[in-house]
Every structure is written in structure tokens, then in C-alpha cells.
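Data first, discussion second: the structure below is written as C-alpha cells.
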Amino acid sequence: MPKHKDNHSNEEALVHTDHLSLRYGEVEVFSDLCFTIKRGSFTSIVGPNGAGKTQLMKTMLGLVDASEGVIIRKYERSEVGYVPQKIFIDPTFPITVREFMQVYLQPKSFWTNTSLPEFDNQLSIEPLLQKQLGRLSGGQLQRVILAAILSTKPSVLFLDEFSSGIDPRGQAELYGYLHRLNERDGVTIIMISHDIDITTQYANSVLCLNKQMVCQGQPHDVFTAENFEKMYGIPLTKLQRHKHHD
Amino acid sequence: MIDNIFTVLQFPFIQRALLIGCIIGVTTAFLGLFVTLRNMSFYSDAISHAALAGIAIGLLLNVEPFIAAVVFCLLIGLGTAFVKQRSKVSIDTLMGVLFASGISLGIALISKQQGYQGDLFSFLFGDILATNWNDISIAFVLGLIIIVYLLGSSKRLLLTTFSPDFSFVRGVSARLTDYMFFGATALTIALSIKVIGIVLVTGLLIIPAAIGKNMAHSFKQAVLWSILASVFTTIIGIIASYYIDIPSGPAIILLGTILFVLTSLFQRR
């Protein structure tokens with residue numbers, strides 16, 4: 001298990017919200033959120049389906065405008081890497097990993113034979129470059145997307161359910177890599193996850209959301225039976241039983 | 001046989017038909033790849049059928065029907081992009097409405113015209129052999145504009161297809177990209193009606209792209225194979241139609257279908 005270095009406690013705020021709310025007509029997505037995410041932190045946003053996590057991330061990114069409240073973003077768009085929840089990859093469409101990289105890195109230019117930057121060896125991208133994007137496994141695809149995003153040298157990474165559909169070994173490799181990025185390179189990581197174990201293991205800051213802020217703080221402090229019940233609406237014992245059955 | 005083909009190629013109307021067919025074939029093949037990637041085949045069908053209303057308006061107002069179709073298709077295309085972004089109506093439903101209303105309006109307007117509507121058949125099924133140099137000039141200029149647009153925007157189109165949110169972070173506007181693509185598709189469809197007609201225009205967009213996808217391993221290969229398939233089926237389709245004495249549009253589409261079936265059977269795994 002990685003040791004948490006609380007390398008963000010004295011750092012500046014990256015995102016700060018004050019009574020932030022989002023509503024679509026009569027439908028409340030989230031409301032009254034007050035929190036600060038610090039630069040250099042590894043923050044996990046947890047909560048049940050429909051809690052407003054993805055919309056909150058989109059609001060932080062500026063993709064969605066909040067209905068009420070204040071949001072202060074202290075980063076430039078060029079600093080950001082973002083892996084959305086859904087990426088449409090047609091498995092029959094012939095595009096290679098190399099071409100995908102060119103599209104992501106230089107989306108506004110004509111096609112040229114520009115060389116790609118060197119990718120981190122740990123992601124093992126080189127052997128995949130000539131493969132078709134639609135024929136990669138879930139884990140390979142996530143590695144490719146991560147490598148493309150990291151090529152732009154982001155200092156803030158937003159990851160929306162990044163590891164869904166990946167086996168435990170693949171997850172361990174990816175989160176180990178993210179942990180090193182955060183610890184070694186100071187990259188701020190803000191992720192949405194349903195996995196409490198992963199969050200406890202890697203994150204040093206948690207926002208527990210269920211339309212409103214249920215709790216926030218360090219994982220070991222906030223993951224209490226009481227908070228779980230508030231967040232998921234059922235007692236922790238049942239949650240654990242569900243997990244064992246899974 | 002070869003001598004006969006050379007004789008046929010010396011006819012000016014065949015030369016003009018081959019020239020405009022190749023110009024439009026290259027354009028539709030390149031654009032069609034994105035139409036298939038974005039699952040917009042039904043959109044192209046809806047726009048082409050809505051073009052009938054544009055043609056009917058042109059005939060009624062005594063404006064060149066082709067120009068009227070171009071303007072009408074562009075308006076419909078951009079309007080569709082606008083509604084898609086502002087409304088919660090699914091794109092499929094929107095296209096269904098557009099398809100039915102476009103052709104209904106076209107038929108209603110044409111029924112109000114007096115006398116023989118000989119042009120109508122050529123708009124429905126194309127009349128490439130009646131191409132004149134004016135048609136070729138318009139097709140060349142518009143085709144060139146669309147090809148240059150696609151060369152410059154293909155990465156944007158791919159990125160916004162993967163995820164509009166993804167593209168936002170890379171500074172690419174999915175909304176603007178959508179508008180441009182809907183406009184370019186509408187323009188290409190209007191352009192293709194001369195060759196293939198309203199009824200078959202979707203085939204010209206989809207079939208070469210589908211052949212290209214079957215043959216290619218990469219995006220660049222897919223573009224080249226699609227264009228090659230389109231130009232090949234257009235040339236052979238026109239020449240064959242002359243010999244078999246059938247309309248050129250169906251000949252091009254049927255030949256493309258045979259190639260599609262063959263390449264599907266032997267496509268790379």
C-alpha cells in the first residue's frame with residue numbers, strides 16, 4: 001500500500017467553491033457545495049450513481065455552468081488533462097494508436113508525419129503504436145489515453161471513472177502509476193471512483209457526494225459507518241455484504 | 001472490347017460524366033468516412049430527401065434547381081445542427097421528421113406545377129450523362145472547398161467524435177465542428193444529386209467509405225481506399241451503364257455493393 005505524503009497541505013487552492021449548485025429545470029444535480037481542492041493533492045470524489053459527481057467534475061472543468069454559487073479555478077485550460085467517463089471508439093473504424101496520438105496532440109493541424117514525443121516506458125505504449133485503437137483491450141486503451149494526455153504535460157488530471165472495466169492487476173498498475181505522478185511530479189489528480197478501497201489506498205483527500213456534500217477530508221477520517229449510510233442510504237454492513245457477494 | 005471502350009471514352013458527354021463523377025466521388029468518399037464514423041447515414045438520407053423540396057422551390061421560382069437545392073440543403077443542415085445542440089429530441093427522431101417532411105413538401109410543391117416534369121426523374125435518380133461544363137465548374141469549386149475543409153478539419157472531426165468533452169480540453173469547439181460538418185455534408189449531398197439522384201445519394205457517401213473501412217488498417221489508408229473505391233465504381237459504373245443501357249446512378253451503386261460484399265468477405269481481421 002502506498003504511503004500518503006500530505007504534500008498538498010501547505011499548497012495553494014486549485015479549485016474553490018462556495019455554495020455551488022447545479023440544476024436542470026426542476027431537477028437538482030447538486031447543491032450548496034463548499035470545498036477546496038489543493039494543488040498537488042490526489043482527490044477522489046465518491047458517491048452513489050446519480051450523486052452529481054460527473055456534473056461536478058464538468059463544472060470544475062468549465063464544461064458546465066453552475067446555476068448558483070461561486071467557483072474559482074486557479075489553473076489554465078492548457079494545464080489540464082481529462083479522461084471523460086465515455087469515449088466513443090468504434091471498434092470497426094480503422095485508426096491506429098499512432099494516429100490517435102497525432103489527433104490528440106495536434107488537433108488543429110493538417111496531417112503531417114510529425115514524430116511523436118517519447119512516452120513514459122512504464123506505460124509500454126511503443127508496441128501498441130501500429131495497432132488499431134478499436135482492437136485494444138480495456139487496460140491497453142486506458143494506458144493509451146493516459147499516455148496521450150500526459151504527452152501534453154498536464155499539471156492537473158481529471159479522471160472520471162478511469163478504471164471501470166479493468167481487471168484488478170490492470171487497476172493496480174494504473175493507480176500505482178498515477179500515485180507516482182502525484183508524488184514524484186506533483187501532478188494534481190482529481191478522480192471520480194466507485195471503489196472505496198482504491199480511494200483509501202491512493203487518495204489523500206476525499207469529497208463524499210450525494211447531491212450535497214456528505215463529508216470531506218482524508219479517507220481514513222471520513223470513511224465512517226455513519227457517513228457511508230448518509231452517502232449510500234444503507235448501513236455499511238450491507239455494503240460490505242454486497243461487496244463480498246460481488 | 002477495348003477498342004469499343006476507347007470509342008466510348010471519346011464521346012464528350014461521357015468525358016464530362018467521368019470528370020464530374022470523379023470530382024464528386026473523391027468528395028463523397030472522404031466525407032463519407034466521417035458520416036459512417038458518426039453514425040449519420042440516416043442524416044444524409046434525410047438531407048437528400050429534403051433536397052427535393054429545395055429543387056421544387058427552385059422550379060417554382062424559376063431559379064436553377066441545383067442552386068436552390070444547395071441553398072436549401074445548407075439551411076436544413078445547419079438548422080439540424082442547431083436543433084441537435086439546443087433540443088433534447090434525439091437525432092434519430094429529428095432525422096425521421098426531416099426525411100418525411102422534406103419529401104412531402106417537395107411532392108406538394110411539384111404537384112402545383114403545371115405541365116410535364118421531365119426534370120423530376122433526373123433529380124430522383126441522377127442524370128450524369130447530361131452534365132455540362134457549368135455543372136463541372138460548380139462541382140470542381142465546391143468539391144475543392146469541401147476537400148480542403150476535410151483535410152484541415154479531419155483531426156477535429158475525429159477528436160470531437162471520440163468525445164466532445166475531450167476536445168474541449170484540447171481547445172477544439174465541438175459545436176463549431178458540428179456546424180461545419182453538417183454544412184459540409186449538406187453541401188456534398190446537394191452536389192451529388194446531379195450524379196446519383198436524391199434516392200441513391202446516401203449510397204455514394206456510405207458504400208465507398210464502407211469498402212475503405214474493410215480494406216484499411218489505418219485512417220490514412222481508409223481515406224485512400226475509400227477514394228479509390230469511389231473513383232473506380234464511378235468510372236466502371238458509367239461505362240458499364242452505357243453498354244448495358246441502364247441509368248448510371250444505379251450502375252455505380254450496384255458495382256459498389258458488389259465490391260463492399262467482396263471486401264466484407266475478405267476483410268482484415
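Just so it is clear: chains get the letters A, B, ... in the order the sequence lines come, proteins before strands, and each one is counted from 1.
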A:T92 side, atom OG1; B:K213 side, atom NZ - distance, nearest 0.5 Å: 3.5 Å
A:R98 CZ to B:K220 NZ distance, which is reported to the nearest 0.5 Å: 9.0 Å
Sidechain-backbone polar pair: B:H217 side chain, A:K131 backbone, donor-acceptor under 3.5 Å: no
A:Q132 side chain to B:S218 backbone, donor-acceptor under 3.5 Å: no
Residue-level contacts of residues 21-32 of chain A with chain B, using a heavy-atom cutoff under 4.5 Å: none
Heavy-atom contact with chain B under 4.5 Å, split by part of A:F158: neither
Interchain contact, A:T152 with chain B, by part (heavy-atom threshold 4.5 Å): side chain
Between A:L105, A:V83, A:I87, the one whose heavy-atom pairs under 4.5 Å with chain B are most numerous: A:I87
Contact leader toward chain B among A:I149, A:V103, A:I145, where contacts are heavy-atom pairs under 4.5 Å: A:V103
Using only non-hydrogen atoms and a strict under-4.5 angstrom cutoff, which residues of [range] touch chain A?
range	result
residues 249-257 of chain B	none
residues 152-176 of chain B	B:G152, B:S154, B:K155, B:R156, B:L158, B:L159, B:T161, B:F162, B:S163, B:D165, B:F166, B:F168, B:V169, B:R170, B:G171, B:V172
residues 29-49 of chain B	B:L33, B:L37, B:N39

